[in-house]
Amino acid sequence: MVRRQDLATIAALVNRAKNELLRVPGAAVPGVLAPTIFFLGLNGVFGSLTQLSGFTTDSYPSFLVPVSLLQGAGFTGAATGVNLARDIEQGWLDRLLASPAPRWVLLTGLVLAASLRAFIPATAVLLVAFGVGAHWPGVDGLLIVYAVVAVTAAVAACYASSLALHYKSQSAAPLMQAGMLALILATTAYAPLELMQGWLQDVARVNPMTLVVDAVRQGFVGGVSWEETWPGILALAGMLAIVGALSLRGMRRTAL
Amino acid sequence: MPAIVVEGLERAFDEVLAVQGVDLEVDEGEIYGFLGPNGAGKTTIVRMLTTLLLPTGGRATVAGHDVVREARAVRESIGVALQEAALDPLMTGRELIRLQATLQGIPSGEGRRRADDLLDRVDLAAAADRRVGTYSGGMQRRLDLAAALVHEPRVLFLDEPTTGLDPVSRKTIWEEVRALNDEGTTVFLTTQYLEEADQLADNVGIIDNGRIVAEGTPESLKAEVGNPHIQLQLEEGSIAEAEKICARIGKLLPPKDGKTMLVEVANGAADIPRVVRALDGAGVEVGALELVQPSLDDVFVAKTGYHLEQEDEEGAASEPVET
Amino acid sequence: MSRLETNLRVVRALGMRSVRQTFRRPQLIAPIVVFPTLLLAIQTGGAGAAVNLPGFPAVQSFLQFMLAGAIMQSLMLAANSGGIALAVDIEMGFTDRLFAAPISRYSVVLGRLVGTAALGVAAALWFLAIGLVFGANIEGGVPGALVVIALTTAATVAIGGVGSAIALRTGKASIVQGLFPLIFVILFLSTAFFPQGLMVEPAQTIAKYNPLSFIVEGIREPIVTGLNGTDLLGAVLAVAGIATISLLMSARALRHRLRTGG
C-alpha cells in the first residue's frame, strides 16, 4: 500500500533532481542538443531513402522523428544512472539508504524525475521536426508521444541505475548510454523492416523497441489505430517490469 | 536495555576479513568512542550497524532491533552522519534538512518547524538558504549533524565527525555532541583522534586490524597501562647510548621519532633525578625532559605496539615496532 | 645525449602515456571505438538499401562505403578526447610540471598529438579489420590499406591540433568536451555517411565544400575503387591545410599560456 509519506518522499526526490536542471547553468543543453543534432543530421544524410520502392512514407522527417524522440528519452534516462553513480561515489545514496523510506520509493523518485525531465528534449525535437516538415501526428498521436517518452525514460533510468548500483562508479557511463542507444537504434530506426539488411533486420524483428517505435511513428506517417498502439504499450510495460525489478534488486543488494 | 549490542560481528570482503569477531555493548545514554587508525574497520562496523552493509557473520541489535532482520525499525531509530558528509552542493541547507525529514516520514509542516529549530541549533540559520556548495568544511559537518537529528533519533552514529576540521570547528561539534548526550541521545562515534575519544567518550573501544584490542572508560584504560613515562629530547647520535643507560632504570617505549626517547618509570617524578644523573654521568646531553601521564596513546601502544597519532600529522598509524 | 634526442624521448614517453591513459579508461575508449562501431553496424543494416538508389556510386556494399565514414568519426572523436585529456592535464597542473622540465615546451604538446595519432592508427586498423571480417573488399589491396592508415594518421594529427589549441587556450576540459556535439554537426554535413549527390539540401551544398568531405573521400577511394589518386590529392591538401592552421593555432596558444601563465 502506498502511504502518504511515500508520496511525499517521491516528490521530495523529484524536487531534488529538478535542482540538477535549474541550478546548473546549461545542464539541459546536452540532453536537448544530442537528439536534435542527430535528427537534423540523419535527415540531411538519409533523406533520399524515401525514394526507395517499398518505403512507407515520402516524408523522412516524419519517419525519423520517433527514433530521435526515443533517443532523447534514452539519453535522459542514462543520465539519471550516471548521476546516481556520482551520488554513490560521493556517499549521498547512503543518506537515502540509511533512512526508513522503502527502497521502491527511493527508486521511484529517481525514475519519475527522469520521466519528467525527458519531456524537455522531446519537446525540442518535436518543434524542430515540425520545422523541417514532419507531419502533425494528431492529438492522440501526440499523447502517445509523451506517454512513450516518459516510460522509455523510465526504462532507461532503471537500466542505467541497475548498472550504477552494480558498478558504483561513473566509469560505467558508456555502458549505460551505449546500451540504450543500441536498443533504440536496432529497430526500424532508419528504414522499414523490409528494406533493412542482414542481421540487423533479424534483430529489429525481435527487438521489443521496434514495436514502440512503430507505435510512436503511426501518427506521423498515417493515422493512429489501437492495433498499432497496444503492442508498443505491452512491449514498454514488459521492459519496464524487467529493468524495474533489476534495479530494485540492485537497490536492495547495495548492502551485500 | 543496552542501545547497541554486537556479538561476534564479522565482515569479509572477498578473502579479506575486515572485521573479525567484534563484541561490544553500548548502554542507553552513553557516548561510545570507537578509536582506531585508518583502515582498522571502524567505518565497516558503523556501516553494518546503520544497515548499509550486511554482516557476513555474528549479529547486532541497535535500539533493540536486529540490524539484518529488522533493518527498517533500526533505520527509524537511528541518526547517521557518515564520513563523507554526503551533502548535495546544489541544495540549500534548509532544503537538505527538509528532505531528510521527509525521508524519515515526518509530515511537511512539522518538518519545516524542525528544520528551522535545528538550523538555529547548529548556528546555520543565517546560511540556511545558501547552497551547501558554498559552506565551509565545519558548516557542512554541522549541517550533516543537524540532518541526522531531524527525527530525534535514539541512537546517533557519527563516523569521524571532525576529521579534517580546524580546532575551533572541532570544539563546536564536541559541544553539540555533549549537549545531545545530555538530552539522552546515545552516541556511537568513531575517531582517529585520541583527544576526541578522551574528551567525549564514556567508554572507549580500541580497534586495530578488525579486532577490538581494548575496551573500558578512558580512565580505566589509562590506569591499566599504569605508569607515567619520561620523554627526553636527545641529540640524534646519542640515542643508542642513552637507551642502554635508561633501560636499567625503567622500561623503554617505542620512540615517536629519531630524537625522542620514552622511558616508563615506576615512581613518576621521583625517578627524574636518577635518569638525569645517569645520563649526565655518561656525557649524554638532554635537550628537554618531560614527565608524561598515561594517555590513550599509551594504551594504544601497549595493545598494538605502535602509536595512533604520528608526529608528522599523517594521522595514520606507523608500522608496528617491537616492544 | 643531444637535445633533439632528449625531446624525441619525451615526445615518445608522453605519447605512450596518453595511449595508455585512453585504454585504461572506459569513458575515453568507448566514444572512440564503441560508438562509431555501433553506429556503423546500425547504419549499415538500417540504411543499407540506399545502394539501390539511382545515382548511388558503384560500391560492393553499403558497409564498404561506410567504412571511411566510421574511420572519420572515430578519428574526430580521438582528436577531441586528446584535447580533453590535455585540458585535464592543464587543470590538474600536470603540464606545469612538464613545462618546468628542461625540455622543449612544444614537445609536451607534440607528445599528446603523437598519442592521439596512435589512436587514429588504431581506429583505421580496427575499421579495416571490421570491414574485412564482414565481407567488405579493400579494392586498393595492401597499398590501399596503407594509404588509408597514413591518411587517417595525418588527419588525426591535423584535427587533434584543433583540440589541443582550444585546450591550451582555455585550459578547461569542459569547454573541449563541449565540442562533442559540434563534431557530429560537422560529420553530418560532410560526405562521411552518404554520397554528396544524394544528400538533402542544405546539407548537400555544405558537404560539397566541407574540407572533411575531401578527407573522407580520400580515405574512401582506396577502399571502394582502388588507388587512382583523384580523391587522394584533395584529401592531402585538406589535411595539410587543416594541419597548418591547427598547429599554428596550438603553437600560438601555447606561447600565450606560457607568457600569461594560464
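Remember, predicted model here, so these are calculated numbers, not experimental data. Order of the sequence lines fixes the chain letters, A, B, ..., with proteins taken first and strands second; residue numbering starts at 1 for each chain.
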Visitor: Heavy-atom distance under 4.5 Å to chain C: side chain of A/A191, backbone, both or neither?
Guide: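 Contact with chain C: backbone and side chain both.
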Visitor: A/Q201 versus chain C, heavy atoms under 4.5 Å apart: side chain, backbone, both or neither?
Guide: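 Answer is neither: A/Q201 stays 4.5 Å or more from chain C.
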Visitor: Within the 4.5 Å heavy-atom criterion, are C/V200 and A/Y60 side-chain neighbours or not?
Guide: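 No; the side chains remain at least 4.5 Å from each other.
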Visitor: Any heavy-atom pair between the side chains of A/I37 and C/F188 that's under 4.5 Å?
Guide: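 Contact flag for C/F188/A/I37 side chains = yes.
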Visitor: If you count the non-hydrogen atoms of other residues, nucleotides and ligands that lie under 6.0 Å from OH in A/Y167, is the total more than 12?
Guide: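 Not more than 12 within 6.0 Å, no.
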Visitor: State the CE-CD1 distance between A/M196 and C/I42, to the nearest 0.5 angstrom.
Guide: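 Separation between the atoms: 7.5 Å.
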Visitor: How about C/K172: does its NZ atom have over 12 heavy atoms from other parts shown lying under 6.0 Å from it?
Guide: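 Counting other residues, nucleotides and ligands, NZ of C/K172 stays at 12 neighbours or fewer.
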Visitor: Identify which part of C/A203 has an atom lying under 4.5 Å from any heavy atom of chain A, answering side chain, backbone, both or neither.
Guide: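 Interface part for C/A203: side chain.
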Visitor: With respect to chain C, which residue among A/L33, A/T188, A/N43, A/L42 yields the maximal number of heavy-atom pairs within a distance under 4.5 Å?
Guide: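 Of the options given, most contacts go to A/L42.
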Visitor: Ring-plane angle category for A/F46 and C/F194, please: parallel below 30°, perpendicular beyond 60°, tilted otherwise.
Guide: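 Ring orientation, 0 to 90° scale: perpendicular.
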Visitor: A quick test of your reading: do over 12 heavy atoms of other residues, nucleotides or ligands sit less than 6.0 Å from CH2 of C/W126?
Guide: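 No, CH2 of C/W126 has 12 or fewer neighbouring heavy atoms, counting only those of other groups under 6.0 Å.
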Visitor: What's the separation between atom CG in A/L52 and atom CG in C/N52, rounded to the nearest 0.5 Å?
Guide: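 Reported to 0.5 Å precision, the distance equals 6.5 Å.
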Visitor: Using non-hydrogen atoms and a 4.5 Å limit, figure out which bit of C/T44 sits close to chain A: side chain, backbone, both or neither.
Guide: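 C/T44 touches chain A through backbone heavy atoms alone.
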Visitor: Please look at A/F38 and chain C and tell me whether the side chain, the backbone, both or neither of the residue comes under 4.5 angstrom of a heavy atom of that chain.
Guide: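 Both backbone and side chain.
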Visitor: With a 4.5 angstrom heavy-atom cut-off, which part of C/A41 approaches chain A: side chain, backbone, both or neither?
Guide: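 The answer is both parts of C/A41.
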Visitor: Give, as side chain, backbone, both or neither, the part of A/A189 having an atom under 4.5 angstrom from any heavy atom of chain C.
Guide: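 It is neither, since no heavy atom gets under 4.5 Å.
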Visitor: Taking side chain as everything from C-beta outward and backbone as N, CA, C, O, which of these in C/Q43 sits under 4.5 Å from a heavy atom of chain A? Side chain, backbone, both or neither.
Guide: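 Contact with chain A: backbone and side chain both.
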Visitor: If you tally heavy-atom pairs under 4.5 Å against chain C, which of A/L49, A/T187, A/L200, A/V45 wins?
Guide: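 Between A/L49, A/T187, A/L200, A/V45, the count favours A/V45.
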Visitor: What part of C/F193 is in contact with chain A, defined as an atom under 4.5 angstrom from a non-hydrogen atom: side chain, backbone, both or neither?
Guide: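 For C/F193, heavy atoms of backbone and side chain both lie under 4.5 Å from chain A.
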Visitor: Between C/L189 and chain A, which part of the residue has a heavy atom less than 4.5 Å away: side chain, backbone, both or neither?
Guide: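 C/L189 has no heavy atom closer than 4.5 Å to chain A.
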Visitor: Can you tell me how far the CG atom of C/L38 sits from the CD atom of A/Q177, to the nearest 0.5 Å?
Guide: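 Going from CG on C/L38 over to CD on A/Q177, the span is 12.0 Å.
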Visitor: What do you reckon, is CZ of A/R249 surrounded by more than 12 foreign heavy atoms closer than 6.0 Å?
Guide: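 For A/R249, atom CZ is not crowded (no more than 12 foreign heavy atoms under 6.0 Å).
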Visitor: Tell me, yes or no, whether the heavy-atom count around C/F134 atom CZ, taken from other residues, nucleotides or ligands under 6.0 Å, exceeds 12.
Guide: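 No, the 6.0 Å shell around CZ holds no more than 12 heavy atoms from other groups.
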Visitor: Side chain, backbone, both or neither: which part of A/L195 has an atom under 4.5 Å from a heavy atom of chain C?
Guide: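 Answer is both: backbone and side chain atoms of A/L195 are under 4.5 Å from chain C.
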Visitor: Looking only at heavy atoms and a cut-off of under 4.5 Å, which of C/G55, C/A192, C/G46 has the most pairs with chain A?
Guide: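 Of the candidates given, the most pairs with chain A belong to C/G46.
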